[in-house]
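One structure below.
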Amino acid sequence: MRKAEIKRKTKETDIELALDLDGGAREIDTGIGFFDHMLNSFAVHGGFGLTLTCKGDLEVDGHHTVEDCGIALGQALARCLGDKAGVARFGEAYVPMDEALGFCALDISGRPYLVLDAPMPQPMCGTYDTCLTVEFMRALAVNAGLTLHLKAVYGDNAHHITEALFKALARALKQAVRQTGGGVLSAKGVL
């Protein structure tokens, strides 16, 4: 089974999420339009089914919503992959978005780590604070057990930079979760 459902409720957010690594419906509503656009792009370019609703404390700001969605998506990904047997494990992708170029390399290693090098020239994309991209990616990496490297190679527009990073993440993850039919791809025998 490469599907998982997560329900996460705190005093700050109430999230219901379903992830299917092999495709399916895509319906996303977090209350932050630009973030919905990024998550939809992630699902489309990864070939994933993703339904997600989040009611967050947006009267404060978007931080809890974005971070908690990263936590829930990471938990769902970890459940989908189980012991990680039979997946390619590694993935990488460059994605151009107009003047911007984003890069992602990742390892489904079970050793969470994030390196994100992506200065944002503008602080906001709609109601999305661009500094939240690192919060989302960190929460995703930690909860999914990913070693995740993301870089904005260049770019002048925060919308394009962020979208290139989300699409590069999706394409790299699509490679890494590809079924190979083998065992766990590790000299140790476990991840």
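Counting heavy atoms from C-beta outward, Leu146 and Ile108 have side chains that approach closer than 4.5 Å. Here the side chains of Thr127 and Leu58 are not in contact, with every heavy-atom distance at 4.5 Å or above. Side-chain contact between Gln175 and Glu92: present, with at least one pair of heavy atoms (C-beta onward) separated by less than 4.5 Å. Between Cys104 and Val95, the closest side-chain pair of non-hydrogen atoms is not below 4.5 Å. For the pair Leu132 and His63, the minimum side-chain heavy-atom distance is below 4.5 Å.
Using the six-membered ring where Trp is involved, His159 and Phe34 have ring planes that are perpendicular, over 60° apart on the 30 and 60° scheme.
Under a 4.0 Å N-O distance rule, the pair Asp14/Lys55 does not qualify as a salt bridge.
Through direct or indirect side-chain contacts shorter than 4.5 Å among Ile, Leu, Val, Met, Phe, Trp and Tyr, Phe103 is connected to Tyr94, Leu101, Val153, Tyr154. Other residues sharing the hydrophobic cluster of Tyr113, ordered by chain and number and joined by side-chain separations under 4.5 Å: Val115.
A search for salt bridge (Lys or Arg N to Asp or Glu O under 4.0 Å) contacts involving Arg178 returns nothing, not counting sequence neighbours. Residues that satisfy the side-chain contact (heavy atoms from CB on, under 4.5 Å) test with Glu99, not counting sequence neighbours, are Asp156, Asn157, His160. In terms of the ring-ring contact (aromatic ring centres under 6.0 Å, His included) criterion, residue partners of Phe166 (sequence neighbours excluded) are, by chain and number, Phe136.
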### Message
side-chain contact (heavy atoms from CB on, under 4.5 Å) for Leu19 and Leu21? Distances and angles first, verdict last.
### Response
CA-CA 6 Å; Leu19 176 65; Leu21 297 182; 4.0 Å; yes
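Shortest non-hydrogen contact noted between Pro121 and Gly155 is CG-O, 4.3 Å. Looking at every heavy atom in both residues, Cys69 comes nearest to Cys54 through SG-CB, 3.9 Å.
The backbone N or O of Phe48 sits less than 3.5 Å from a side-chain atom of Arg26, completing a donor-acceptor pair. Using modelled atom types, no side-chain atom of Thr13 and backbone atom of Ile15 make a donor-acceptor pair closer than 3.5 Å. Under the 3.5 Å distance criterion, the side-chain polar atoms of Asp20 are matched with a main-chain donor or acceptor of Asp22. Side chain of Thr130 to backbone of Gln122: a donor-acceptor contact under 3.5 angstrom is found. For Asp29 (side chain) and Gly31 (main-chain N/O), a donor-acceptor pair under 3.5 Å exists by modelled atom type.
In this structure, CG in Asn40 is found 9.0 Å from CE in Met38, a value given to the nearest 0.5 Å.
Glu163 and His37 form a side-chain donor-acceptor contact under 3.5 Å, judged by distance and modelled atom types alone.
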Could you list the donor-acceptor pairs under 3.5 angstrom formed by side chains in residues 71-91, with sequence neighbours left out?
unit_1	atom_1	unit_2	atom_2	d
Arg79	NH1	Glu5	O	3.1
Asp83	OD1	Ala85	N	2.9
Arg89	NE	Asp107	OD1	2.6
Arg89	NH1	Leu185	O	2.7
Arg89	NH2	Asp107	OD2	3.1

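Remark: Glu27 CD is loosely packed, at most 12 non-hydrogen atoms of other residues, nucleotides or ligands lying under 6.0 Å away.
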